[in-house]
Amino acid sequence: MVWHTAAVVILGADGRYVDADDTALDLLGVPCVDALRAKPPGAFRATPRDETEALELQRSIAEATFHGLLAETPLRRADGEVIRVRTALVPTPGGGYRVLLYPVERPTTDLSARVYRITDVLAEWRSAERRLVDVDPTSAEGQQVMADVDLLREQYHELFRSRIGA
C-alpha cells in the first residue's frame, strides 16, 4: 500500500492533541477531533512506558527538532490494533508541533522505535534509490521500493522546508 499524503495531527506545546485531519482520525481510530482532544498525551503509545527509553527518545527529539525529526514507531489505535508509522515532527510558530503520520505496516508486531535526523532520511532515501537498480520496477518488490523512495523524498522535503522556515 502506498501513501501519497500524510495524516496530520497538531500538538500543543504541552503535547496535548489540538487538531487533526480526517486521514489522521481514521488512522488513529478516533471518530472526531473532540474525541482526540479528550485523549491524554501518549494515548496511542503501543507499549508501556519505559522511563529510560522515554528519556532517550525525548533527548533525541530535543536534539533533532531544530533540524527536523523523523521517527518510526509502533502506534496503538483506539481500537487496540498496533500499526507502525513514520512520524515527521515539525515545530510550529506557536510552540507546538505539526505531526505527519505515514503508515508503514498494518498490523505490526515490531515494537521498536527509531529516531532519524534529516541527514538520516536523506541517506535512507538515496539508499532506496540505489536499490531501484537491482529490482524489476514492475514487480511487487520494485513497487515497494518505488513507494519507499517516494515516501522518503516527501519526508525529506517536509523536514527540509521546516528547517529553512518555508
Side-chain angles (χ1 to χ4, degrees), residues 1-11 17 19-31 36 42-47 50 53-54 56-57 59-61 63-92 97-166:
M1 184 176 240
V2 179
W3 294 273
H4 296 288
T5 59
V8 179
V9 175
I10 306 298
L11 298 177
Y17 303 101
D19 200 4
D21 66 8
D22 289 339
T23 304
L25 295 174
D26 182 53
L27 181 67
L28 298 172
V30 179
L36 180 65
F44 300 99
R45 188 175 295 117
T47 58
D50 173 291
E53 184 179 309
E56 180 61 27
L57 186 58
R59 185 189 60 74
S60 295
I61 289 171
E63 288 175 359
T65 298
F66 175 75
H67 301 289
L69 171 77
L70 180 70
E72 187 170 306
T73 60
L75 178 144
R76 186 174 305 280
R77 292 171 28 94
D79 63 8
E81 177 186 14
V82 177
I83 62 175
R84 188 156 189 81
V85 296
R86 282 199 178 154
T87 305
L89 187 67
V90 182
T92 60
Y97 296 94
R98 183 169 175 244
V99 181
L100 307 171
L101 302 171
Y102 301 87
V104 174
E105 185 178 20
R106 182 176 180 182
T108 189
T109 57
D110 183 353
L111 301 179
S112 66
R114 181 162 179 209
V115 175
Y116 302 87
R117 286 160 184 78
I118 193 169
T119 54
D120 299 326
V121 176
L122 179 59
E124 196 170 317
W125 172 23
R126 295 302 182 217
S127 176
E129 285 181 325
R130 286 190 294 277
R131 284 194 323 261
L132 279 174
V133 174
D134 299 325
V135 298
D136 174 2
T138 62
S139 70
E141 181 183 9
Q143 293 298 313
Q144 183 59 54
V145 172
M146 291 190 54
D148 290 346
V149 167
D150 290 343
L151 176 62
L152 289 161
R153 179 186 315 111
E154 183 178 339
Q155 291 168 341
Y156 176 81
H157 287 296
E158 183 68 36
L159 292 170
F160 184 78
R161 282 191 298 273
S162 74
R163 177 153 187 213
I164 62 171

TODO: For D110, enumerate each residue passing the salt bridge (charged side-chain N to carboxylate O under 4.0 Å, His left out) test, keeping only those at least two apart in sequence or located in another chain.
DONE: R84

Heavy-atom pair of closest approach, residues [X] and [Y]:
X    : Y    : value
P74  : S112 : CD-O, 3.2 Å
L11  : Y17  : CD2-CD2, 3.5 Å
Q143 : T138 : NE2-CA, 4.1 Å
V135 : G142 : CG2-CA, 3.7 Å
V8   : A24  : O-CB, 3.4 Å
F44  : L28  : CE2-O, 3.7 Å

TODO: From the options L27, T108, L75, select the one residue that forms a side chain to side chain contact (heavy atoms under 4.5 Å, CB included) with P103.
DONE: L27

Open item on the list: Between Y97 and I10, does the side chain to side chain contact (heavy atoms under 4.5 Å, CB included) criterion hold? Intermediate values first, please.
Closed with: CA-CA 6 Å; Y97 296 94; I10 306 298; over 6 Å; no

TODO: Look at atom CD of E141 and say whether more than 12 heavy atoms of other residues, nucleotides or ligands are closer to it than 6.0 Å.
DONE: no

Task: Value rounded to 0.5 Å, distance of CZ in R114 from CZ in R86 - done: 8.5 Å

Task: Pairwise side-chain contact, V85 with T73, heavy-atom cut-off 4.5 Å (strictly under) - done: yes

- [ ] For residues 131-140, pull every pair meeting salt bridge (Lys or Arg N to Asp or Glu O under 4.0 Å), keeping only residues two or more places apart or in separate chains.
- [x] R131-D148

